[in-house]
Amino acid sequence: MKLEVIGDPVLHSKSPAIHGAMLAALGLDVPYTAHVVRRGELPDYLRWARDSGVTGFNATMPHKEDLLPLLDEIDPAAKTVGAVNTVCLRDGRWVGFSTDGAGAVAALRDGLGVEPAGLTATLLGAGGAARAVALALSAAGARVWVCNRTLSRAQALCRQDPHRRAMPMDFAPATLAHLCRESGLLVNCTNLGMAGCPRQFEKLDFLDALPDGAAVFDLIYHPAETELLARARRRGLNTLNGLPMLVNQAVLALEHFLDRPLDRKAMGSAAAAALAPARNTRPF
């Protein structure tokens, strides 16, 4: 058995530490490593992985959507999301799952005490992670404004919401400020602010429109505090980076890799202990 996380960039990933700690807690000597796979290299990677004994892998940007047509089977929940972040080799067939949405909701509840039911959220981005988080928040009872520079992508995402609580919007500064005034939660699902990303937010003035007591959740965890979170913290808002989500979705992913249920609280504690030096100040 051999496990990996693939993406580009990916060498900064905390997944090897998280999964390594959980596997060790289970008494399993299973390697879990980071593997750089660039856009367009997925077909070659899947062939290599099968031949090299890889039995499962996690996928991060830019592969969550690109994997879909290359897999033999996709879990119904992942099919609804339109993206996968966990892939397992089952009876010689690649099977894809999505744990991002459930991991995000668990992180919000455990890390910030945020209950999505009845909440209005402004979500930035319309990629694979954004789709998973938006649909999970909607399913949990939140109204979600999905903001994206390319409006058609936000519209396509919202059409996939069976609960009809996700609504597409543009990314204009005036739009973001207007929506933030009505929101108790802001979620950044873009790569703006990530270490090594050539593009950053042009302005963060929309944060000033958020009401007192609002929460800001940035799926990025490298750096541990993005400029978005730093400015939100200075404003006195509740903030959370992407590590708690990563831990929660990793526990769910490991259940898929091992094809059995796990003690999620114990696994989360093992992962959090492994990340203690870099973890968010709030508990996972």
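Because the structure is a prediction, the values reported are computed rather than measured.
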(message) Evaluate R233 against E225 for salt bridge (charged side-chain N to carboxylate O under 4.0 Å, His left out), listing each step before the verdict.
(response) CA-CA 10 Å; R233 176 178 52 79; E225 186 176 66; 2.6 Å; yes
(request) Output, in order, the C-alpha distance, side-chain angles, deciding distance and verdict of side-chain contact (heavy atoms from CB on, under 4.5 Å) for H35 and V10. (result) CA-CA 7 Å; H35 189 136; V10 75; 5.8 Å; no
(request) Just do the side-chain contact (heavy atoms from CB on, under 4.5 Å) check on W145 and L124 with the steps written out, would you? (result) CA-CA 8 Å; W145 299 106; L124 310 180; over 6 Å; no
(request) Decide yes or no on side-chain contact (heavy atoms from CB on, under 4.5 Å) for M22 and V251, but give the supporting numbers first. (result) CA-CA 8 Å; M22 293 191 296; V251 175; 3.6 Å; yes
(message) If you apply the rule salt bridge (charged side-chain N to carboxylate O under 4.0 Å, His left out), what do you find for D100 with K64, and how did you get there?
(response) CA-CA 11 Å; D100 278 338; K64 294 185 178 185; 2.5 Å; yes
(request) Kindly determine whether N85 and T99 satisfy side chain to side chain donor-acceptor pair (under 3.5 Å), including the steps that lead there. (result) CA-CA 7 Å; N85 73 329; T99 65; 3.0 Å; yes
(message) One pair to check against side-chain contact (heavy atoms from CB on, under 4.5 Å): D75 and S98. What are the steps and the verdict?
(response) CA-CA 8 Å; D75 179 72; S98 176; over 6 Å; no
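Using a 4.0 Å cut-off between charged side-chain N and carboxylate O, D66 and R39 make a salt bridge. Comment: R47 engages D44 in a salt bridge, judged by a side-chain N to carboxylate O separation of less than 4.0 angstrom. Checked for salt-bridge contact, R90 and D259 meet the test: a charged N lies under 4.0 Å from a carboxylate O. With respect to the salt-bridge test (charged N to carboxylate O, under 4.0 angstrom), the residues R260 and E255 do not qualify.
The environment of D29 atom CG is sparse: at most 12 non-hydrogen atoms of other residues, nucleotides or ligands sit within 6.0 angstrom. Taking a 6.0 Å sphere around CZ of R234, one finds it holds more than 12 heavy atoms contributed by other residues, nucleotides or ligands.
In this structure, the side chains of V187 and V144 stay at 4.5 Å or more apart for every pair of heavy atoms. The shortest distance between side-chain heavy atoms of N241 and T226 does not fall below 4.5 Å. D218 places none of its side-chain heavy atoms less than 4.5 Å from the side chain of L240. For the pair N148 and D170, the minimum side-chain heavy-atom distance is 4.5 Å or more. Put simply, the side chain of T55 does not reach to within 4.5 Å of the side chain of C88, judged on heavy atoms. Put simply, the side chain of T122 does not reach to within 4.5 Å of the side chain of E182, judged on heavy atoms. Within the 4.5 Å cutoff, the side chain of D212 has heavy atoms near those of the R235 side chain. Under the 4.5 Å side-chain criterion, counting only non-hydrogen atoms from C-beta, F97 is not in contact with V87.
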Quiz: residues 203-211 side-chain donor-acceptor pairs under 3.5 angstrom, not counting sequence neighbours:
residue, atom, partner, partner atom, Å
D205, OD1, R231, NH2, 3.3
D208, OD2, R231, NH2, 3.0

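Heavy atoms only, all atoms of each residue included: L89 and V54 are closest at CD2-O, 3.9 Å. Shortest non-hydrogen contact noted between L192 and I220 is O-CD1, 3.3 Å. Annotation for A215 and L112: closest pair CB-CD1, 3.8 Å, computed over non-hydrogen atoms. In plain terms, the two heavy atoms of A270 and A25 that are nearest each other are CB-CB, 4.0 Å. Closest non-hydrogen pair, K79 versus Q160, comes out as O-NE2, 4.4 Å. When all heavy atoms of K2 and G53 are compared, the pair lying nearest together is CB-O, 3.4 Å.
Ring geometry, H19 versus F257: the interplanar angle falls from 30° to 60°, so the pair is classed tilted. Using bins of under 30°, 30° to 60° and over 60° for the plane-to-plane angle, the ring pair Y45/F57 lands in the perpendicular bin.
With rounding to the nearest 0.5 Å, the separation of CE in M267 from CG in N248 is 13.0 Å.
Hydrophobic clustering (ILVMFWY, side-chain heavy atoms < 4.5 Å, transitive): L262 and L275 are in one cluster. Hydrophobic clustering of Ile, Leu, Val, Met, Phe, Trp and Tyr side chains at less than 4.5 Å, counting indirect connections, keeps M194 apart from L229. L252 and L28 fall into different hydrophobic clusters, where Ile, Leu, Val, Met, Phe, Trp and Tyr side chains are chained together by heavy-atom contacts under 4.5 Å. Linking Ile, Leu, Val, Met, Phe, Trp and Tyr residues whenever their side-chain heavy atoms come within less than 4.5 Å places V247 and L26 in a single cluster. Residues W48 and V5 are members of separate hydrophobic clusters, defined by side-chain heavy-atom contacts under 4.5 angstrom among Ile, Leu, Val, Met, Phe, Trp and Tyr.
When atom types are taken as modelled, the side chain of T150 and the backbone of S152 share no donor-acceptor pair closer than 3.5 angstrom. Side chain of R199 to main chain of N191: no donor-acceptor pair is present (N/O by atom type, distance under 3.5 Å, no hydrogens or angles). S138 places no side-chain N or O within 3.5 Å of a backbone atom of A134 that could act as its donor or acceptor partner.
Using modelled atom types, one finds no donor on one side chain facing an acceptor on the other under 3.5 Å when comparing E4 with N58.
Considering only residues two or more places apart in sequence or on other chains, H63 meets the ring pair (Phe, Tyr, Trp, His ring centres under 6.0 Å) condition with none of them.
Residue I74 forms a side-chain contact (heavy atoms from CB on, under 4.5 Å) with just one option from L68, L67, V95, and that option is L68.
Sorted by first and then second residue, the ring pair (Phe, Tyr, Trp, His ring centres under 6.0 Å) pairs with a member in residues 151-194 form an empty list; sequence neighbours excluded.
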